[in-house]
**Student:** 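Pasting in a structure now, in structure tokens, and then I'll have a few things to ask.
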Amino acid sequence: MPNLRVPGPTPCPEDVLEAVGGQMINHRGPEFKEIITRAHGRLQQVFATKNDVLIMTTSGTGGMEAAVVNVLSPGDKVLNVSVGVFGDRFAQIAERYGATVIKLSSPLGQAADPAAVRKALQANPDVKAVTVTHNETSTGVTNDLEAIAKVVKSEFGKLLVVDAISSLGCIPLLTDAWSCDVVATASQKGFMIPPGLAFISVSPAAWQAAEKNTTPRFYFDFARHKSYYQRGQTPWTPAVSIMYGLDLSLDKMLKEGMTNVYARHARIGRQVREGAKALGLQLLPADERYASNTVTAVRVPAGVEGAKLTGLLRQEHGVVVAGGQGPLEGKIIRIGHMGYVSEADIQDVLTALKASLTKLGFKTSAVPTS
Ligand code: PMP
């Protein structure tokens, strides 16, 4: 069995795989109602919110698109805070639907600066909403969402729309305490279940915006989803199998306790970073305080070809990591460590990394034993 360490889809526990293999049920019947109603309540706990958390059958990008089409109307001004590929994607979606996008981008490897967000909002008082990525999977950077939210909500009262696809359920995100209006995440990351579902929390202010919003929408229409939400259904046929997995994974997460889940991710994040540095490697994030606890971006050392390194890891050690995207292609490798991950999985990656780098002529330091 390969050690799947890409930043999503992430490995699923055996019992989750068994659960998703279950026989179909009527998605308009009482058993499904029980499953989805339980999921709604538990998702609210994981999101730390009293807001509705809609469940849509789509990938994470679908969740982002749902947020855009319900909150923004053509011509609305949006401030897009981007620190990489997925932040840029939010801007692309908003532009495609006719919003006017003001782009606040940071150099790759850096986190967004809350002071720059403040400046951009001062310069653009007519902005309706701010879109931001909590954890940028392409660079392994976690933004200080709490500080950004303070600026966006407490100082300017704008709508705050968050991509939490590679953070929610792994890194603390307090939806209500931080006043996040729309938070979108997906099943195949921290939730330890296969791809296919997106979870989207919607605040009262976001519901108001959605009511007045003029962007045409059908599949992703929040109002349509809400009317079925209250009945314990979804408007369209849901990914029933993934719902079985969700039921079990939410049970596991809440039994472990979200504080413990966060602590485990923090511990493992540190293990990856310390292990990579001990091999003589450099991290991409400029300031380690913003290094992600769900995905670590490590620079490919000079003289080593990125594709050869990922190839050796896969072929000789069964360790599957991701390369860089866009301008970072060949320059970094990304090690995913969210959801179903243990210290032993990471030790395995570090051992394989040392052997592969040595084979490619890079002189590593010793692998730590912790
Ligand atoms: N945003 C972030 C931060 C992500 O990590 C991803 C998936 N890697 C996406 C958006 C897109 O999600 P999906 O591929 O499920 O559409």
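Whatever order the structure lists them in is the order used to number ligands and atoms, beginning at 1. One-based numbering along the sequence shown.
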**Student:** Counting only N and O atoms by type, is there a donor-acceptor contact under 3.5 Å from the side chain of His225 to the main-chain atoms of Pro235?
**Tutor:**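 No; zero donor-acceptor contacts below 3.5 Å.
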
**Student:** Return yes or no for this condition: an N or O of Gly60 is under 3.5 Å from an N or O of ligand 1.
**Tutor:**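 It does: an N or O of Gly60 is found under 3.5 Å from an N or O of ligand 1.
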
**Student:** Check ligand 1 against Lys189 and write out every atom of the ligand that is under 4.0 Å from a heavy-atom position of the residue.
**Tutor:**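 Result: 5 (O), 7 (C), 8 (N).
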
**Student:** What protein heavy atom sits nearest atom 6 (C) of ligand 1, and how far off is it?
**Tutor:**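 Answer for atom 6 (C) of ligand 1: Phe86 CE2, 3.4 Å.
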
**Student:** Based purely on interatomic distance, does Thr133 place a nitrogen or oxygen under 3.5 Å from a nitrogen or oxygen of ligand 1?
**Tutor:**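 Min N/O separation from ligand 1 is not below 3.5 Å for Thr133.
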
**Student:** Salt bridge (Lys or Arg N to Asp or Glu O under 4.0 Å) with Arg5: which residues, sequence neighbours excluded?
**Tutor:**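 Arg5 satisfies salt bridge (Lys or Arg N to Asp or Glu O under 4.0 Å) with Asp345 only.
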
**Student:** Enumerate donor-acceptor pairs with a distance under 3.5 Å from any side-chain N or O in residues 83-95 to protein atoms, sequence neighbours excluded.
**Tutor:**
from: Asp88; atom 1: OD1; to: Ser82; atom 2: OG; distance (Å): 2.6
from: Arg89; atom 1: NH1; to: Thr61; atom 2: OG1; distance (Å): 2.8
from: Glu95; atom 1: OE2; to: Lys103; atom 2: NZ; distance (Å): 3.1

**Student:** Where is the nearest protein heavy atom to atom 3 (C) of ligand 1: which residue, which atom, and how far?
**Tutor:**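 Here the closest protein heavy atom is Thr137 OG1, 3.2 Å.
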
**Student:** Under a 4.0 angstrom heavy-atom cut-off, which atoms of ligand 1 come close to Arg89?
**Tutor:**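 Counting atoms of ligand 1 from 1, those under 4.0 Å from Arg89 are 11 (C).
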
**Student:** Does ligand 1 come near enough to Asn135 that some N or O of the ligand is less than 3.5 Å from an N or O of the residue?
**Tutor:**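 Checking ligand 1 against Asn135, no N or O pair falls under 3.5 Å apart.
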
**Student:** Please walk me through it: do Phe191 and Phe199 pass ring pair (Phe, Tyr, Trp, His ring centres under 6.0 Å)?
**Tutor:** CA-CA 11 Å; Phe191 288 86; Phe199 316 123; 4.9 Å; yes

**Student:** Is the closest basic N to carboxylate O distance between Glu34 and Arg38 below 4.0 Å?
**Tutor:**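 Salt bridge flag = yes for Arg38 with Glu34.
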
**Student:** Which is it for Ala186 and ligand 1 at heavy atoms under 4.0 Å: side chain, backbone, both or neither?
**Tutor:**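 Looking at Ala186 and ligand 1, no heavy atom falls under 4.0 Å.
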
**Student:** So does Glu65 pair up with Arg96, basic N to acidic O under 4.0 Å?
**Tutor:**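 Looking at Glu65 and Arg96, the cut-off is not met.
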
**Student:** Would you say that more than 12 heavy atoms from the other residues, nucleotides or ligands in this model lie under 6.0 Å from the NZ of Lys226, or not?
**Tutor:**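 Counting other residues, nucleotides and ligands, NZ of Lys226 exceeds 12 neighbours.
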
**Student:** Against heavy atoms of Met64, which atoms of ligand 1 measure under 4.0 Å?
**Tutor:**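 Those qualifying, in numeric order: 10 (C).
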
**Student:** Taking heavy atoms and a distance under 4.0 Å, where does Thr61 meet ligand 1: side chain, backbone, both or neither?
**Tutor:**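 The answer is both, backbone and side chain.
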
**Student:** Give the residue and atom name of whichever protein heavy atom lies nearest to atom 1 (N) of ligand 1, and the separation in Å to one decimal.
**Tutor:**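 Sorting protein heavy atoms by distance from atom 1 (N) of ligand 1 puts Asp163 OD2, 2.6 Å first.
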
**Student:** Applying the side chain to side chain contact (heavy atoms under 4.5 Å, CB included) criterion to Asn51, which one of Thr49, Leu54, Val53 satisfies it?
**Tutor:**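 When Thr49, Leu54, Val53 are each tested with Asn51, the side chain to side chain contact (heavy atoms under 4.5 Å, CB included) holds only for Thr49.
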
